[in-house]
Amino acid sequence: TGTIVHNAFAYTGLAASTEKTDVNFNLARTVQFAAGNLAAQRAFLIQAPTYSFTASSTLTDASTLSITGPPKSGAFATTTNVYALNIAAGSVASSGIIPANAYGLYVSAPTGATNNYGAVFATGNVGIGTSSPLSKLSVQGTSGLPICEIASSTGASLLTVNSLGQTIMTGNVGIGT
């Protein structure tokens, strides 16, 4: 009890150029509350389980949510882009008040372990401002804006790479000291 299993079966003979969604949680509706402040509202919530044993044991990899990888191309299928997780950029503006901040992905590091990481990209390249990163980290700027800026804990700029590729350092610079 308490387990939901969805075993998908093979779809053959589907119409061309028509998407066939396996699971669709359609939450597209208006949710209206009475006036008053609300600290958090989550449309879909997955709460973390607790794993335990009756005696000393090791659980090597535990996940609350695990995706086994992107879709695979089958016979006669040419795919351009495949995603294990695709977060589409939707507008947060409607007829109401516009939010101050909107995030496509927001990650907080867990706590309580010897080492707590907000994110690890174990393999591949990461692109910021580009969908075709050429190295472990590729940053493509916007014309007229800095490509990269490193700031102190107070927000003061320490190192900037401007849109021309020039490096600007603020403060004292010591080489070999």
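Given the structure is predicted, the values throughout are model-derived calculations rather than measurements.
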Donor-acceptor check, side chain of [X] to backbone of [Y], threshold 3.5 angstrom: yes or no?
X      : Y      : value
Thr160 : Asn162 : no
Ser135 : Leu137 : yes
Thr130 : Ile128 : no

Given the rule that I, L, V, M, F, W and Y join up when any side-chain heavy atoms are under 4.5 Å apart, are [X] and [Y] in one cluster?
X      : Y      : value
Leu158 : Ile168 : no
Ile46  : Phe25  : yes
Ile97  : Val92  : no
Leu38  : Val31  : yes
Phe121 : Val139 : yes

*asked:* Apply side-chain contact (heavy atoms from CB on, under 4.5 Å) to residues Asn125 and Leu134 and explain how you reach the verdict.
replied: CA-CA 7 Å; Asn125 296 341; Leu134 301 174; 5.8 Å; no
Does [X] have more than 12 heavy atoms from other residues, nucleotides or ligands lying within 6.0 Å of its [atom1]?
X      : atom1 : answer
Tyr106 : OH    : no
Phe53  : CZ    : yes
Leu45  : CG    : yes

*Just checking, is any N or O donor in the side chain of Thr170 or Ser157 under 3.5 Å from an acceptor N or O on the other one?*
no
*What distance do Glu19 atom CD and Leu14 atom CG have between them, rounded to the nearest 0.5 Å?*
11.5 Å
Listing, residues 63-71 side-chain donor-acceptor contacts under 3.5 Å, not counting sequence neighbours, or none:
none

*Contact summary for Ala93 and Ile98, nearest pair of heavy atoms*: CB-CG1, 4.4 Å
*What are the two closest heavy atoms between Thr79 and Ser73, and how far apart are they?*
OG1-OG, 2.7 Å
